[in-house]
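What you see is a predicted model; the values in this text were computed from it and never measured. Just so you know, residue 1 is the first one in the sequence shown, and it goes up from there.
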Amino acid sequence: MSNSKLTRRGLIKTSALGGAGLALPTIFTAGRASAFTNEPTGDTVTLGFNVPQSGPYADEGADQLRAYQLAVEHLNGEGDGGMMNTFTSKALQGNGIMGKKVEFVSGDTQTKSDAARASAKSMIEKDGAVMITGGSSSGVAVAVQALCQEAGVIFMAGLTHANDTTGKDKRANGFRHFFNSYMSGAALAPVLVNNYGADRKAYHLTADYNWGYTTEEAVRSSTEALGWETVNTVLTPLTQTDFSSYIAPVLQSGADVLVLNHYGGNMVNSLTNAVQFGLRDKMVNGKQFEIVVPLYSELMARGAGANVKGIFGSQNWDWKLENQLGERYVGTNAFVQSFGTKYGFPPSQAAHTGYVQALLYADAVERAGSFNPCAVGEALKDFEFDGMGNGPTLYRGDDHQCFKDVVVVKGKENPENEFDLVEIVEVTPTEQVTYAPDHPQFAGGSLGTCNAGA
């Protein structure tokens, strides 16, 4: 395990670079006498939880907010401590962060970039949030990450899966724990070929924003490399609720696989429409027609009901990991126990990644000995840790992307209860989903330099 701390000289240098390199909006600079944006001066520190409380990703947002509230309790020494007990870093002591009690404010992103920026701006400007985290849309994540860079606060991304977040739109003040589209494609394609064969024709329906684009590209590239042919790709609006008109052309295309690059309520609706049209009962090209959902979640599975049975996808984490695959995924049971005791059901991967991000931020502050975002960023760069449910994990300094195992799942044929809807097919090791920082799917953009704000 390793971590790094910023020296005083380095801190001054990075702060100066941030100030010199950016023309900050007046709201972030006027009248400021602190060393950095929203420097905590009292006995409390405020975190900003920016999640979708309305819109197609509202279920994920609700679960994220539950997890963030649980994280605050644990940081303040309340409850059973959750994954603070299994986290390999022992900097957190349950006395807040740097001895300051943790408080929080929340905002509704509405799954819209403009609304997300507005709520994040309010939390920074009016509530004094020193860090923003959350979100369940990559479009939102990219927009809020850019705002946090301008404002001089850390952004600990929530549920964002597009390559862009740590690719062409990466920022020095932004950090992502969640996996990405490339990793889904790399993990999923071999499983699909093993189960459905290499001679397949795929049709993609894709959400019309950056997450959809990069997920389609990643799955298409990975499956084509193993022999599949892509016969068509069609974009669908994020606001679409009835996908019937998009399903009929699939049957006329000659495709024998439909890939739904949809998430949240969009996926629930498109999959339901596809099943209603009888796609799963069709034989095409002498093969059983198949449907694939590259990015899965238990919340989506619950919404789609029996329609998910037998359908492959990928996940960042699953609440059954430690019980089924052992101590490599230690921390999973501690979190499930805490979350389940408080809320009465297992946490989703959205809840997990939000909880972990909150603890990782707090831990980085403790190890840095400062809330200064540039010091916190240095503590997170190339930080290796374990005990947070995903196995050994690296926060890569080149792009601020976490690298860890990827879970491949399939809709369960005979679930034991309403929370046991997917089965873990395999866990793809980190090495198989790791890529070079300059990989073409992540080309363009630059981290730039840290901005401390003041």
(request) For Gln110, check side-chain hydrogen bond (donor to acceptor under 3.5 Å, both in side chains) against everything at least two apart and list the hits. (result) none

(request) In sequence, state the C-alpha distance, the side-chain angles, and the governing distance for Val292 and Thr223, and then conclude on side chain to side chain contact (heavy atoms under 4.5 Å, CB included). (result) CA-CA 12 Å; Val292 176; Thr223 53; over 6 Å; no

(message) My understanding is that only residues two or more places apart in sequence, or in another chain, count here; which of them pass side-chain hydrogen bond (donor to acceptor under 3.5 Å, both in side chains) with Asn390?
(response) His177

(request) Give, for atom CG of Asn372 and atom CD of Glu39, the distance between the pair rounded to the nearest 0.5 Å. (result) 8.0 Å

(request) State whether the side chain of Gln149 and the backbone N or O of Ala172 hold a donor-acceptor pair below 3.5 Å, judged by distance alone. (result) yes

(request) Sequence neighbours left out, what pairs pass side chain to side chain donor-acceptor pair (under 3.5 Å) with at least one residue falling in residues 94-109? (result) Ser54-Asp108

(message) Just verifying a value: how many Å separate Ile154 CD1 and Met131 CE, rounded to the nearest 0.5 Å?
(response) 9.0 Å

(request) List for me each residue that meets side-chain contact (heavy atoms from CB on, under 4.5 Å) alongside Asn323, sequence neighbours excluded, and say none if there are none. (result) Asn333

(message) Which residues pass the side-chain contact (heavy atoms from CB on, under 4.5 Å) test with Ser314, not counting sequence neighbours?
(response) Phe179, Ser184, Val406

(message) Test: salt bridge (Lys or Arg N to Asp or Glu O under 4.0 Å). Region: residues 214-229. Which pairs qualify, not counting sequence neighbours?
(response) Lys201-Glu229, Glu216-Arg220

Considering only distance and modelled atom types, tabulate donor-acceptor pairs under 3.5 Å from the side chains of residues 259-269, sequence neighbours left out.
residue	atom	partner	partner atom	Å
Asn261	ND2	His204	ND1	3.1
Asn261	ND2	Thr206	OG1	3.0
His262	ND1	Ser270	OG	2.9
His262	NE2	Thr236	OG1	2.8
Asn266	ND2	Leu238	O	3.1
Asn266	ND2	Gln240	O	3.2
Asn269	ND2	Thr241	O	3.4
Asn269	ND2	Gly265	O	3.1

(message) If you compare all heavy atoms of Ala198 against all heavy atoms of Leu226, which two are closest, and at what distance to 0.1 Å?
(response) CB-O, 3.4 Å

(request) For a side chain to side chain contact (heavy atoms under 4.5 Å, CB included) with Leu47, tell me which candidate from Thr133, Asp127, Val130 qualifies. (result) Val130

(message) Could you work out, with side-chain hydrogen bond (donor to acceptor under 3.5 Å, both in side chains) as the rule, every residue matching Glu423, not counting sequence neighbours?
(response) none

(message) What I'd like to find out is whether the side chain of Phe335 reaches to under 4.5 Å of the side chain of Leu70, using heavy atoms alone.
(response) yes

(message) Tell me whether the rings of His439 and Phe442 are parallel (<30°), tilted (30 to 60°) or perpendicular (>60°).
(response) perpendicular

(message) Going by side-chain hydrogen bond (donor to acceptor under 3.5 Å, both in side chains), name the residues that satisfy it together with Gln337, two or more places apart in sequence or in a different chain.
(response) Thr341

(request) May I ask you to say whether Arg328 pairs ionically with Asp405, meaning some side-chain N is under 4.0 Å from a carboxylate O? (result) yes

(message) If you compare all heavy atoms of Asn50 against all heavy atoms of Ser119, which two are closest, and at what distance to 0.1 Å?
(response) OD1-OG, 2.6 Å

(request) Verify whether one side chain among Asp208 and Tyr213 offers a donor that lies under 3.5 Å from an acceptor in the other. (result) yes

(request) Flag the pair Val153 / Pro373 as yes when at least one side-chain heavy-atom distance between them is below 4.5 Å, and no otherwise. (result) no

(message) Among residues at least two apart in sequence or on other chains, which ones pass side-chain contact (heavy atoms from CB on, under 4.5 Å) with Thr160?
(response) Ser138, Ala141, Ala157, Thr165, Arg176

(request) Tell me yes or no: between the side chains of Thr88 and Asp386, is some donor less than 3.5 Å from an acceptor? (result) no

(request) Determine the sole option in Met388, His74, Arg66, Gln69 for which the side chain to side chain contact (heavy atoms under 4.5 Å, CB included) test with Tyr355 is passed. (result) His74

(message) Applying salt bridge (Lys or Arg N to Asp or Glu O under 4.0 Å) as the test, list every pair that has at least one member in residues 388-400; sequence neighbours left out.
(response) Arg396-Asp399

(message) My understanding is that only residues two or more places apart in sequence, or in another chain, count here; which of them pass side-chain contact (heavy atoms from CB on, under 4.5 Å) with Val330?
(response) Thr86, Glu322

